[in-house]
Structure formats: C-alpha cells, structure tokens
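Every value quoted in this text rests on a predicted model; they were computed, and no experiment measured them. All chains are named by letter (A, B, ...) in the order of the sequence lines, taking the proteins before the strands, and each is independently numbered beginning at 1.
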Protein chains: 2
Amino acid sequence: MLRVVVIGSGNVAQHLIKAFHKSAKAQLVQAYARTPEKLSHLLDSNHITSDFTTLADADIYIIAVSDDAIAEVSSQLPFNNRLVVHTSGSTSMEQIDSKNRRGVFYPLQTFSKTKDVDFRTIPICLESEEPDDYRMLEELAQSISDEIYNITSKQRQALHVAAVFVNNFTNHLYKIGSDVCSENGIPFDIMKPLIQETAAKITILTPEQAQTGPARRNDKTTIQRHLDFIQSDNQKTIYTLLTQSIQDTNG
Amino acid sequence: MLRVVVIGSGNVAQHLIKAFHKSAKAQLVQAYARTPEKLSHLLDSNHITSDFTTLADADIYIIAVSDDAIAEVSSQLPFNNRLVVHTSGSTSMEQIDSKNRRGVFYPLQTFSKTKDVDFRTIPICLESEEPDDYRMLEELAQSISDEIYNITSKQRQALHVAAVFVNNFTNHLYKIGSDVCSENGIPFDIMKPLIQETAAKITILTPEQAQTGPARRNDKTTIQRHLDFIQSDNQKTIYTLLTQSIQDTNG
C-alpha cells in the first residue's frame, strides 16, 4: 500500500487528508502544518508535524500549499530523490526543487471548508517526469478517485483557464443575478432551481445544444428591453458583450 | 377542482400538460395546438383541439406560446370575462386581450424537450388584475408546485434579466470552457464535476462567499499568465471584463 504525506493545512490539503483517511488503498502516514491546530480536528497529534526535519518516510509527498509557496516548501524538504508533487492548476512542475523526483497531482474541483465533496467523482490530473512515477501517482489517485487524467503542463494551464470561466466567472454571474433580484425586492432563492438545472443540462446536452435565450434567438426587442431595464453600466457592458459573443458563436 | 386549458404545444406547454396530468388537484380538460400531432404523445385526441371555437369550458386558460404570439392568440379566444394567463417572463400582462380577466403564470425554469424536470421544485410567479383571480391562480399553481411567488410586472422583468445572466450567459461560459478544452485536446467531461459543484455551492453559500479564483485573490501573476495563454480576442475581452467586475465587486 502506498504511503503518502500531505504538506499543507488549507482547503485542498484538508479534503485530501479526509479522502486518504477514508481510502483502504493508500496510507496517510503524516501531515505537515506550520500551525498543527489547523489539522487537529482531522488527525491525531502524533500524525501531524510542524517540523520538516521530522517528516516521515513515504512513497509520495503531496505539497498542497498556495501557489507562491510551492518552490520554497519543496526546497525545505530534508531529503533527495523521493517523489514530490504539487496540487496546483497553474504552477509548472519545475517549480518543485529538482533535488527530488517531480510530479503534479491536481484535483480539478472547487473546495470550501464548509461543504463536503465526493472525492471519487473528482477528476485528478496527473503529470510526472518519470514513467515509473506516473504509475505510482496513478495508483495513489485511484485510491481516492475514479476519474484519472494524464494531463500535460500545457493542458493543465488550459484547464485552469477553462475552470476560471466555468467556475469563477459563472459564480460572478450568480452574483449579478443576486444583485438584480435584491435591487427589486426578490429573494435570490427563486433563482436557485434555474441555476441547478442550467448545470444539470450540461450533463446530457452540449453547451451549443443547451443554449437558449434572447441572444440565441436574436430577439432584438427583448435584448433592448433588458438593456433599458438594467441600471448598472457594468452589468450593461457584460450583458452586451456576452450577448454579442453568443450571437457570434451560435448565430 | 380547478379546470384548466393549456394553449400551445412548445416546451413550456408540454411540461405544463405533463405536470397537470400528474396532479390530483387540478383537471386538465383540454389542450389547444395548431398542429395536434405535437401533443398526441401526451394526450388522447379527444382532449386536443386545433379550433378555437371548440375550446372547452374551464376556470383558467393558460396561453403558453411564443412571446410575440400572445396578443394575437388571446384576441382569438371566442369568449369574454374568463381568466386568461400567459407564461412569459418578459411580456406584460396587458398584452392579453382585455375582453378577458388577465393574469400571469410564469414558471421560472429552463425547459428542454429531452430532459424531464420536477415541477414541484419550480418557482411559479403569479400576477393578476383581480385579487379573486390571484387566489385561483395560487390554487392552480399549488396543484403542481411548492414554490409560489407573488411577482409584479416590474419584478418579473428583473427576474427575466437575472435569468439571462445565471442561465443563458452561464451556459455560454460553459461553451467557452468547452472550446478551451477542445482546442487543447482535453475532453469536456473533465469540467463537469466542477460545473455541478459551482452550482451546488450556491445552495449553501451566497455568491459573495462562494467567489474564489485569481480575480478574487487579486493574483495578478495568474491573471496575466491566463491572458497570455488565451488566443481568442473575444475570450480575452470577456476574461478581462469579468475579472475587473469581480475585483470591483469583491475587492
């Protein structure tokens, strides 16, 4: 059974710790946190360290820290030639100190502290320098997920960009919808079934097939009525740009 | 028990017919379709008419046709002083011919022919000229849904604008995500768990709480790397505008 150490105490680290804890096919031997209390609700204190010199022996070390700390953390590891991976969508594998064998273990999902996720459905994107290491990463990923992808650095960058569109920007459209509701005394709850269905549709239709609305129909009367209704210049600009983009795409 | 006639054969009409059919608390006495065959998979032929002069007696007539046909269809109804409603988010109640009592019965959801929906969770937005008619609409709406809202014409217009943002524009962001994937040889399936989770989060967090990503963190390095990566001018413009909007909103 593969032995793994998770380094970090943020959202990704905590969800990984929970997932490995549940798995019968990998052994979480230790976690590292600068502030061990952040992990005390997940692990016994003898499985947490805040001192790199006491890191346990393991087959794979997963650095799950913020992007700009990956290089430094990896350089502080007190060993050589072991397999060290990071979990970042937008950081190159080469940011990891070259004294160890390097790889990427990127779970493509949005994590929050307050909401549990089913890790078995989360795509894990793997990359490594060495084919043998890839097989080890694959075995580790399979221990917690059913969705494993071999993804190059260039593809990972594309995925991160795509994720910004479908996750961060989509959430911002929810925010605009919420603002329009509250400006008009409407509870945002009324929008939630529509939001869920919009996402659900994409599991059985392509985005092209699922596209509806005044832009798709080229319904100029409704588009103009909406622009007349919208007060905020920012919302007007976004409405105009996305309407134009739908018309260019689906027209 | 309220007796209802549905006029129309499109997506909304068909989903309403199915919902009333299932309901024990309302009676669908007839449906009107210019082309009766469009409804023959849902109703016996003796419950379908294509002739306005043979419309059955009912408590409520629901006009579920395209927005620009509502006025004309309502003027062709061969009776007066009955309750006639439309199902449109963006059409005023006054588009209905004034020879009848008027109202709105707007289900806030995206309907497609190929995907069933649970009507009990769909918000139905009601409006009427007369309070007595409102109570009748409420009883009818309750027969198929648990989410009933009293919504003015102005609020309905706001809802329709908000729906364009959270549904039509969100779907277009899925399309952009899908394009970025296919340009880089990545199956779009890899994005689907993230899309589902983005929508699911909004049921327990506000959009402000759920906002993450480089724009939210003001991570200029990642934003610039993404802009360098994106080839399409259109995608670049959308990325820049939505990033700026998130920073103005959450910054």
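For a residue to count as touching a neighbouring chain, one of its non-hydrogen atoms must lie under 4.5 Å from one of that chain's; by this rule A/I195 touches chain B with backbone and side chain alike. For A/T237, the parts sitting under 4.5 Å from any heavy atom of chain B are the backbone and the side chain alike. Residue A/N234 touches chain B through its side chain alone, counting heavy-atom pairs closer than 4.5 Å. Only the side chain of A/F229 comes within contact range of chain B, with at least one heavy atom under 4.5 Å from a heavy atom of that chain. For A/Q211, the parts lying near chain B are the backbone and the side chain together; criterion is any non-hydrogen pair under 4.5 Å. If you measure heavy-atom distances from A/F188 to chain B, the contacts under 4.5 Å come from the side chain alone.
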Criterion side chain to side chain donor-acceptor pair (under 3.5 Å) on A/N184 and B/Q155, from CA distance to verdict:
CA-CA 6 Å; A/N184 290 276; B/Q155 286 177 320; over 6 Å; no

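Going from atom CD of B/Q157 over to atom OG1 of A/T222 covers 9.5 Å, rounded to the nearest 0.5 Å. Atoms CZ and CG, on A/R217 and B/D67 in that order, are 6.5 Å from each other to the nearest 0.5 Å. Taking OG1 of A/T198 as the reference point, atom CG of B/L173 lies at 11.5 Å (rounded to 0.5 Å). The structure places OG1 of A/T170 at 11.0 Å from NE2 of B/H172, a figure rounded to the nearest 0.5 Å. Distance check, rounded to the nearest 0.5 Å: CZ of B/F169 to OG of A/S245 gives 9.5 Å.
Note: B/P193 leads B/P193, B/G185, B/G213 in heavy-atom pairs under 4.5 Å with chain A. Among the candidates B/L159, B/T121, B/I122, the residue making the largest number of heavy-atom pairs closer than 4.5 Å to chain A is B/L159. Of the listed residues A/D189, A/V164, A/T152, the one with more heavy-atom pairs under 4.5 angstrom with chain B than any other is A/V164. Your options are A/S178, A/C181, A/P187, A/A163, and the one with the most heavy-atom pairs under 4.5 Å with chain B is A/A163. Contact tally against chain B (heavy-atom pairs below 4.5 Å) for A/C125, A/A199, A/G177, A/A200: the top residue is A/A199.
A/T110 and B/K201 share a donor-acceptor pair across their side chains, judged by distance under 3.5 Å alone.
At a threshold of 4.5 Å between non-hydrogen side-chain atoms, the residues B/I238 and A/F165 count as touching.
In terms of heavy-atom proximity, B/I190 sits nearest to A/P123 at O-CG, 3.3 Å. Looking at every heavy atom in both residues, B/K115 comes nearest to A/I204 through CD-CD1, 3.3 Å.
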